[in-house]
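Working notes for the structure below.
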Amino acid sequence: MLAVYGVVTIIIFLVVIMTKRLSVITALVLVPVIIAFVAGFSYKEIGAMSLAGIKQVAPTGILLMFAVLYFSVMLDVGLFDPVIAIIVRSVKGDPLKVIVGTAVLTMLVHLDGDGTATFMIVLSTFLPIYKRLGINRLILAGIVALSVGPMHLVPWSGTSVRAMSTLNTDAVHMFNPNIPAMLGGLVWVLFVAYIFGKRERKRIGIIQFDYEHRENLTEDQKALRRPKLILINAILTISLITALLIGVVPAPVLFVIAAVVALMINYNKLPDQQKVLKAHASNIFLVSSLIFAAGVYSGILTESKMIAAMASGLVNLIPKEHASFIPVLTAIISMPASILFTPDAYYFGVVPVLSHTCSQLGVDPLEIGRASLLGQMTVGFPLSPLTASTFLLIGLAEVELGDHQKFIFKWAWGTTIVMTIIALLTGSIHI
C-alpha cells in the first residue's frame, strides 16, 4: 500500500506543478504532508520524517546559498571583464572568431551556474556584434544554449544541487566523476561553434569594425567594479575551485569562507556589503528555500518507506540481467526529458524511484544522478519551455522558441551523447 501512496504523491506533485496550480515550494511541502496523513502517519511521525529530510539537504542548501553569493560578487567586481575585452578585441569582425568567442565567453561566465546572469551578460555583449556583422541570431541563441549545458554540471548549479540533495551525496561523489564528460562536452560545443563559424564566414565574409564592451555597462555596474583587485580575485577563485575538486574541505564550509573573504576584500565598507547582499538576496533565497522544501518532500517519501516500496515494485518488472542498462538509458534520454519534466519534477519525482530501483538491483544509485546530469535540465534547460531562463535567452537574442529548438536540438542532444560515451569510458556510469 505504501507504494500506491508514493505513486499518488509523485503524480499529484507532477500535476500541480506542471499545471501551475501550486508553486514548487508549496507543492514540495503540502503534497507529501497531506498524503502522509492520509496514509495514517501521525503529526509527530511526519514532523520527524520532515526534519530528517531537512537535515540531509542542509549542507547542500548552504553550499548553494554561498556559491551563488560568491560568483555573483565575482561578476559584480568584473573578474571576467578582461577576458570579455580580449575576446571582443580578438574577433575583429570575423564570424568564425565571433561565434567561437561567444562559446568561450559563455563557458567562463557560466562558472557561477546561473543561467539568467549568463544570458544577460553574454547576449548584451555579443548581440550588437551579431547585428553589425549580419550573423544569424539563431546561432547566437544556439551557441549560448550549447555552451551553458556542460558548464551547468558544476555542483553549485540549481540542477546539480537538486540531484545531490535527492541522492544525499556531495560534489566529490557526484560532480568529480563527471568532469571528463563535462570537458568532452565543452570540446564538442567548440567544434559545433567552429562549424557554424565556417558557414557564416563563407556566407558573410570578414568585416572590420570597433566595439567597446565597457561602454555597455550601467553606472551601477561600473560602481561595483574593482579592476585593481582582479589578480587577487582570480587567485582566490582558482584556489577555491582547486580545493573543491581535491575535496580537502567540505564544499559548504569552503564556500561560506570564500564568500565572506570575497566580500571583505572587494567591499570593505558595510554599506557596500549590504548593497551587494540585497542585490542578490532574492535569487539566493528562491533557490536555497527550494532545497529545504525538497528536504521535507524527500524526507517523508524516504523515511515513510514509500520510495523503497515503489522501487521494490519496479524491481519485479525489470530483469536483473538488464539492470546495468538503466544508467546509460537514463543518460541518453536525459536531454529530451528536459522538454517534458521540470527539474523539480524530474529530480524529486523520477530520480528517487530510479535510484532506489538500481540500489535493489545491485547498481550504484549515484550513477542515476550522474547520468541524469548529462542532459536533464543541464544541456536541456536552455531549450525547455518549462524554464523561464529559456524565454530570457530567446527574448534577448530576438528569436522564436520553435525556431530556436528546431535549430539547436540535434546539436544539444549530440552534446549529451558525447558526454554519455565519455562517462562510460571513464567509469562515471557503467553498463
Side-chain angles (χ1 to χ4, degrees), residues 1-41 43 45-47 49-51 53-54 56-57 60-61 64 115-116 157-159 161-163 165-166 282-304 306-307 309-310 314 333-356 372 376-378 380-395 401-402 405:
M1 195 62 184
L2 283 175
V4 174
Y5 285 123
V7 171
V8 170
T9 301
I10 292 173
I11 290 176
I12 294 176
F13 173 71
L14 294 175
V15 169
V16 296
I17 64 172
M18 288 183 174
T19 58
K20 301 188 185 300
R21 300 294 178 87
L22 294 175
S23 68
V24 174
I25 291 178
T26 304
L28 282 170
V29 176
L30 287 185
V31 173
V33 167
I34 293 173
I35 297 299
F37 272 122
V38 174
F41 292 96
Y43 68 91
E45 291 174 315
I46 294 173
M49 292 187 292
S50 300
L51 184 58
I54 291 173
Q56 287 182 348
V57 302
T60 302
L64 181 61
T116 299
S157 75
T159 305
V161 165
R162 287 174 174 90
S165 63
T166 297
S282 176
N283 186 36
I284 292 172
F285 172 77
L286 287 175
V287 292
S288 60
S289 60
L290 178 68
I291 300 305
F292 290 105
V296 176
Y297 180 90
S298 62
I300 291 176
L301 264 67
T302 301
E303 298 296 320
S304 67
M306 290 183 191
I307 287 183
M310 286 187 289
L314 193 56
I333 66 171
S334 60
M335 199 290 290
S338 301
I339 309 296
L340 304 175
F341 294 99
T342 66
D344 306 295
Y346 187 85
Y347 286 99
F348 300 137
V350 177
V351 167
V353 177
L354 290 177
S355 62
H356 277 71
S372 298
Q376 214 290 329
M377 285 302 175
T378 50
F381 92 87
L383 289 79
S384 174
L386 304 177
T387 56
S389 55
T390 299
F391 294 96
L392 175 64
L393 170 64
I394 62 173
L401 177 60
Q405 291 175 325

Within this structure, what is the CG-OG1 distance for the pair Leu354 and Thr166, rounded to the nearest 0.5 Å?
11.5 Å
Is there a side-chain contact between Tyr297 and Thr9 in this structure, where contact means two heavy atoms from C-beta onward sitting under 4.5 Å apart?
yes
Heavy-atom side-chain contact between Ile25 and Ser289 under 4.5 Å:
yes
Sorted by chain and number, sequence neighbours left out, side-chain hydrogen bond (donor to acceptor under 3.5 Å, both in side chains) with Ser304 holds for none
Scanning both residues in full, the closest heavy-atom pair of Gly380 with Ser338 reads CA-OG, 3.5 Å
Does any non-hydrogen side-chain atom of Thr378 lie less than 4.5 Å from one of Ser157?
no
Please determine whether side chain to side chain contact (heavy atoms under 4.5 Å, CB included) holds for the pair Val296 and Leu28, giving the CA-CA distance in whole Å, both sets of side-chain angles, and the decisive distance to 0.1 Å.
CA-CA 7 Å; Val296 176; Leu28 282 170; over 6 Å; no
Residue that, paired with Ile12, satisfies side-chain contact (heavy atoms from CB on, under 4.5 Å) out of Val31, Leu30, Leu22
Val31
Show your working on side chain to side chain contact (heavy atoms under 4.5 Å, CB included) between Thr159 and Phe381 and close with a plain yes or no.
CA-CA 9 Å; Thr159 305; Phe381 92 87; 5.7 Å; no
On a heavy-atom basis, the closest approach of Tyr347 and Gln376 is OH-O, 2.9 Å
Quick one: pull up CG in Leu383 and CE in Met377 and give me the separation to the nearest 0.5 Å.
10.0 Å
Kindly write out the residues that satisfy side-chain hydrogen bond (donor to acceptor under 3.5 Å, both in side chains) with Ser372, not counting sequence neighbours, or none if the list is empty.
Tyr346
